[in-house]
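Data block below; observations after.
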2 protein chains.
Amino acid sequence: MKSDNGIKAEELILQAARKVFVKKGFDKTRMQDIAAESGITQSLLHYYFRSKDKLFETVFEQEFSSYLSTMESIVNSDLPLPQKIENLVARRLQDSEGYPVLSYFVLSEMARNPDRMKDNARRAMPIDKKLFDEISAQVADGTIAPIVPNELMINLLSLVLFPVLARPMLQAMMNINDEEFEAFNKQRVQTLPKFVMRALQPLPNEAR
Amino acid sequence: MKSDNGIKAEELILQAARKVFVKKGFDKTRMQDIAAESGITQSLLHYYFRSKDKLFETVFEQEFSSYLSTMESIVNSDLPLPQKIENLVARRLQDSEGYPVLSYFVLSEMARNPDRMKDNARRAMPIDKKLFDEISAQVADGTIAPIVPNELMINLLSLVLFPVLARPMLQAMMNINDEEFEAFNKQRVQTLPKFVMRALQPLPNEAR
DNA sequence: GTCTATACTCTGATAGAC
DNA sequence: GTCTATCAGAGTATAGAC
C-alpha cells in the first residue's frame, strides 16, 4: 500500500515525464531531464516505473486515450461535416499552443514502435468508421462530390496535422515570427473548413 | 592529392551514408551501419569525414540541393497550376517508393537543427515566391477563389507531404497493406489535383 | 590509405546504506 | 521510499601499426 507521499511522487513524475517526452520525443529525452523537471532523483524514477520504456508507455497511453476521446466526441457529435472539421482544426491548433507538439509526439512514437502503433491506430478505427460512413452517405446522395472516403480522411488529417507538425519549417519558409504564425492559425480555423467544403461541392454535371 | 581509390572510397561512403541516413534519420543511424553498408571500416569514415556530424551535413546538403532543383524546375515550368500540382504530387510519391522517406528525412533534420534549417528554408524562398506570385495573380483576376497565398501553399505542402510522412500510421488506420497503399497513391496523383482545383474554383458570386 | 585495438563519454539501470 | 555511488552497454572518436 502506498503512502500519501508515494502517490504524490508518482504523479509528479508523470507530469514531468509528459512534459519532457511531448516536447523532445522519446530518444532525446534523458531520465535526468525528467528527474530535474520533477525535482525527484533519477533512481526514484526507476523505483516507480522500472525503466524509461515503461514510463514512456504510461505517459503515451494516457495522452493517446485523452486524444482519442476528444476526437471521438467531435466525430460523434450531431454537427454537420463543416462544423466537425472546424472543431477538429480548432482543437488541434489549441494543442499547438499550450501543448506544443502532441502530433509530433504521436508521429515520433509511430516511428519508434510501428507494431504497437498499429494497435493504437486500430483503437481509433471505430471513430474512423463513423466518419467514413458519414462521408459515404453524403457521396451517395450527392450532397458532396464523389470522393473515396479514405482519401478524404487522409486529406483532412493532412491539412489539420501537418501545419502543426512542420511549424518550424513553415515559419522559416514564410519568414514569419511566432506571433504572426498564431494569427495565421486563428484565421485558418475559419478558412480551412471552407476550403474543404468548397472542394467537396458537387459540380453541376455531378449532381443528381 | 587523392588516389583513384581514395576518390572511390569517399563516394562509396557517401552513397551508403545517404541510404542509411535517409532511411533512419540522424539519431538512429550508427556509424557502424554506414560502415557495413559501404563495406568500409568505421575508422575510415572518420578518416574521410572527421565526424558523424560532418558526414551528415555533406549528405544533407547534396540531398536538399537536388530536392530544391526538382521543385524549382516544376514550379518554374510553363504548365498551368493544376499540372504543376500533379507533377509535385507525382514526384513526391516517386520519392516515397525508391527513396522511401526523403520528406521524413528533411523534417527530422529540421527538428534536430532548427537554426540551420532556417537557412535552408530561405534557400527555397525564391521558389516559394514564384508560386506565391502566381497564386496572387490568379486570385486577383478571379481565375481562382480568394485565398491567402501562404495558406494555399501550406495546404499544398500538407496534402503532398503528410501522407508520405505518416504512411505507417495511415496504413494501420486504413488497415491496408503495402500493395494497396501504392495503388491508393497512384490514384491520388490524379485525384489530389482535382480536389485542390475544385477548392479553388470561384463561386458564382465571387467571380468578376 | 587502411586496419585493429582501445579510449572516452553518455546514459539507463542497479546496489546497498539509511 | 529515498539517496549516493557505481556498473554495464552502446556508440563516437582516436592511436598507432602497417
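These numbers come from the heavy atoms of this one structure, side chains and all, not from hydrogens, waters or symmetry mates. Per chain, numbering begins at 1; letters A, B, ... match sequence-line order.
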Nearest-Å distance for atom pair [atom1]/[atom2], residues [X] and [N]:
X	N	atom1	atom2	result
A:M31	D:dA8	CE	P	19 Å
B:R30	D:dT12	CZ	C1'	10 Å
B:D27	C:dC10	CG	C1'	14 Å
B:D33	D:dG11	CG	P	8 Å
B:D53	D:dA13	CG	P	7 Å
A:Y47	C:dG12	OH	C1'	19 Å
B:K52	C:dC10	NZ	P	15 Å
A:K28	C:dT11	NZ	P	12 Å

Between [X] and [N], is there a side-chain N or O to OP1/OP2 distance below 4.0 Å?
X	N	value
A:H46	C:dA13	yes
B:R50	D:dA13	no
B:Y48	C:dT2	yes
B:T41	C:dC3	yes

(message) Rounded at 0.5 Å granularity, tell me how far CG in A:N120 sits from CD in A:E61.
(response)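 These two atoms lie 7.0 Å from each other.
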(request) Answer yes or no: are there more than 12 heavy-atom neighbours, outside A:K130 itself, under 6.0 Å from its atom NZ? (result) yes
(message) Classify the ring geometry of B:F21 against B:F26: parallel below 30°, tilted from 30° to 60°, perpendicular beyond 60°.
(response) parallel
(request) State which of C:dC3, D:dT12, D:dC3 makes the closest approach to the side chain of A:L44. (result)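 The nucleotide sitting nearest to the side chain is D:dC3.
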(message) Using side-chain heavy atoms (C-beta onward) and a distance below 4.5 Å, is B:H46 in contact with B:M31?
(response)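 Side-chain contact under 4.5 Å: yes.
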(message) When you compare the side chain of A:N155 with that of A:V196, does any pair of heavy atoms fall below 4.5 Å?
(response) no
(message) Determine whether a donor-acceptor pair (one donor, one acceptor, N or O, separation below 3.5 Å) exists between the side chain of B:S43 and the base of C:dT2.
(response)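 Looking at the base of C:dT2, it does not pair with any donor or acceptor on the side chain of B:S43 (distance under 3.5 Å).
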